[in-house]
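Right, one structure below, let's go through it.
Chain identifiers are assigned alphabetically (A, B, ...) following the order of the sequence lines, protein sequences preceding nucleic acid strands; residue numbering begins at 1 within each chain. Just so you know, these numbers use all the heavy atoms, side chains as well, and skip hydrogens, waters and symmetry mates.
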2 protein chains.
Amino acid sequence: MGRRNDHSIEQLQELILKAAEKIIEQEGYQKLSARKISQEIGYTVGTLYNVFKNLNEIILKVNARTLINLHTKIKLNLTQHHNSMPELAKCYIDFWKSNFQLANMLFNYSMPKGEEFPPWAQLEIDKMFLTVSSALLPTLKNNLPLAQKATSVLWAGMHGICTLCLSGKMSIISLENAYSLADSFVRGYLDGILDL
Amino acid sequence: MGRRNDHSIEQLQELILKAAEKIIEQEGYQKLSARKISQEIGYTVGTLYNVFKNLNEIILKVNARTLINLHTKIKLNLTQHHNSMPELAKCYIDFWKSNFQLANMLFNYSMPKGEEFPPWAQLEIDKMFLTVSSALLPTLKNNLPLAQKATSVLWAGMHGICTLCLSGKMSIISLENAYSLADSFVRGYLDGILDL
DNA sequence: GTGGATATTGAACGCTGTTCAATATGGGGA
DNA sequence: TCCCCATATTGAACAGCGTTCAATATCCAC
């Protein structure tokens with residue numbers, strides 16, 4: 001068709017990422033394909049590769065958006081509920097519930113062999129860790145190493161609960177008791193490490 | 001080539017599953033392909049489809065083997081260490097470390113849309129749950145509902161720790177402190193729920 | 001020895017990510 | 001106003017994917 005100039009590169013980026021997110025939420029990230037995206041935005045495959053290096057880069061950018069989205073929700077929840085970890089756990093489950101496919105991709109997508117995780121992604125994750133560990137610090141007698149370890153454990157634990165509950169792989173762990181498990185986990189663990 | 005009769009169907013099954021496991025451990029399950037398996041075993045693709053319904057079925061059978069393997073290790077560990085949960089946690093991490101790609105597939109592979117998780121897979125998982133919750137029961141004052149919930153939490157938590165540590169996605173949660181996190185988690189949580 | 005049963009093949013189909021020469025067009029200069 | 005060139009856009013091409021199935025080559029019973 002030749003030159004069209006309907007959209008700037010920035011607009012195309014946004015179109016592509018929005019389309020990718022739509023497809024992922026509808027069909028899962030394994031079903032995402034370059035041709036589907038291009039069809040969705042009314043361009044052909046080639047255009048995607050003018051705007052992004054490849055599909056991997058598109059997925060990374062979508063993950064970055066999901067991550068920032070999650071971080072924003074976490075910060076809001078912490079201020080609203082005065083750094084309550086049980087409340088944060090609920091918030092985390094809610095995020096997984098309403099963004100299951102995107103959250104799934106965020107944590108399960110693995111780089112093609114040879115490629116390295118981009119530093120900005122690590123940085124964003126580290127920032128989120130800092131947000132949580134700071135909120136946790138007062139509860140744990142301002143013991144910083146303990147707060148960091150607890151953050152890791154809480155994070156990994158909530159990740160496990162959400163993954164297993166929402167994937168439906170463990171019949172015993174069903175969605176309805178995700179909240180109940182998370183509550184038992186957060187309260188039990190925080191209570192336990194204060195004793196030890 | 002026509003009829004060859006080098007191997008019985010059972011032998012072919014074993015050849016295929018062994019080859020699949022080899023490829024998965026080397027390259028990850030996303031890189032598994034029918035043509036790679038067939039090349040590995042010295043047959044052509046068509047033969048795979050005489051023995052198994054499709055690639056999905058092969059993956060499920062590999063997962064079943066991994067699951068049984070894990071269950072065996074768990075049972076052995078529980079008897080060797082007198083139902084110690086911290087020891088079981090170590091055992092679980094070790095299993096993930098030495099079978100990372102297979103464990104990864106076991107927990108992350110999701111069925112093609114429309115297909116349902118086979119009942120025998122659910123059954124095997126439930127059996128493993130029972131093994132752990134039975135071992136946990138005496139520690140928790142023979143409170144069965146509590147033991148079941150605790151098993152779910154411990155399971156999900158260990159799953160999260162292993163996933164995040166071994167995928168290397170969280171720079172803060174590194175492999176070296178997987179054991180340390182797991183220990184804090186198991187001891188802290190079990191101590192905590194006895195208090196609450 | 002021969003014929004039928006069947007294990008094995010491999011080409012074919014429609015999908016995938018990615019590349020890149022060809023092309024059609026918007027906009028600046030004359 | 002017209003034209004030309006820079007370039008945004010295209011779509012055919014390639015290799016690889018899962019899956020199917022008609023053709024085939026071989027084994028085994030008779």
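With sequence neighbours excluded, the residues satisfying ring pair (Phe, Tyr, Trp, His ring centres under 6.0 Å) with A:Phe107 are A:Trp96, A:His159. The ring pair (Phe, Tyr, Trp, His ring centres under 6.0 Å) check on A:His7 picks up A:Tyr43, with sequence neighbours excluded. Contacts of A:Ala121 classified as side-chain contact (heavy atoms from CB on, under 4.5 Å), with partners at least two apart in sequence or in another chain: A:Phe117, A:Pro118. In this view, B:Arg3 and B:Asn5 satisfy the side-chain contact (heavy atoms from CB on, under 4.5 Å) rule, not counting sequence neighbours.
When side chains are defined from C-beta on, B:Gln148 does not count as touching B:Phe129, because their heavy atoms never get closer than 4.5 Å.
For residues 45-52 of chain A, proximity to DNA chain D is found at A:Gly46, A:Thr47, A:Asn50, defined as any non-hydrogen atom under 4.0 angstrom from a strand atom. Near DNA chain D, meaning a heavy atom under 4.0 Å away, the residues from residues 22-38 of chain B are B:Leu32, B:Ser33, B:Ala34, B:Arg35.
Summarising the geometry, the separation between CD on A:Gln11 and P on D:dA8 is reported as 14 Å, rounded to the nearest angstrom. Here D:dA29 presents its P atom at 11 Å from CG of B:Asn5, a figure rounded to the nearest Å.
Between B:Asn54 and A:Ile9, the residue whose closest nucleotide on DNA chain D is further toward the 5' end is A:Ile9.
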Ignoring hydrogens and angles, write down the donor-acceptor pairs under 3.5 Å from the side chains of residues 46-56 of chain B, residues two or more places apart or on other chains.
residue, atom, partner, partner atom, Å
B:Asn54, OD1, B:Asn56, N, 3.3
B:Asn54, OD1, B:Glu57, N, 3.0
B:Asn56, OD1, B:Tyr109, OH, 2.5

Between side-chain atoms of residues 71-80 of chain B and protein atoms elsewhere (two or more places apart, or another chain), which donor-acceptor pairs fall under 3.5 Å?
residue, atom, partner, partner atom, Å
B:His71, ND1, B:Glu124, OE2, 3.4
B:His71, NE2, B:Thr131, OG1, 2.7
B:Thr72, OG1, B:Ile68, O, 2.8
B:Lys73, NZ, B:Asn69, OD1, 3.3
B:Thr79, OG1, B:Lys75, O, 3.4
B:Thr79, OG1, B:Leu76, O, 2.8

Name the atoms and distances for all side-chain donor-acceptor pairs under 3.5 Å in residues 26-34 of chain B, with sequence neighbours left out.
residue, atom, partner, partner atom, Å
B:Glu27, OE1, B:Lys36, NZ, 2.9
B:Ser33, OG, B:Lys36, N, 3.1

Run the side-chain donor-acceptor check on residues 188-196 of chain A: report pairs under 3.5 Å with partners two or more places apart or on a different chain.
residue, atom, partner, partner atom, Å
A:Tyr189, OH, B:Ser184, OG, 2.7

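A donor-acceptor contact shorter than 3.5 Å is absent between the side chain of B:Ser84 and the backbone of B:His81.
To the nearest 0.5 Å, atom CD1 of residue B:Ile161 and atom CG of residue B:Asn177 are 9.5 Å apart.
Heavy-atom neighbours of B:Gln39 CD from other residues, nucleotides or ligands within 6.0 Å: at or below the threshold of 12.
The span of DNA chain C lying next to chain B, judged by atoms under 4.0 Å from heavy atoms, is bounded 5' to 3' by C:dA5 to C:dA12.
B:Leu88 is connected to B:Leu146 through a chain of hydrophobic side-chain contacts under 4.5 Å among Ile, Leu, Val, Met, Phe, Trp and Tyr, so both are in one cluster.
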Any protein N or O atoms within reach of nucleotides 1-7 of chain D? Criterion: under 3.5 Å, listing atom names and distances.
residue, atom, partner, partner atom, Å
D:dT7, O4', A:Arg3, NH1, 3.0

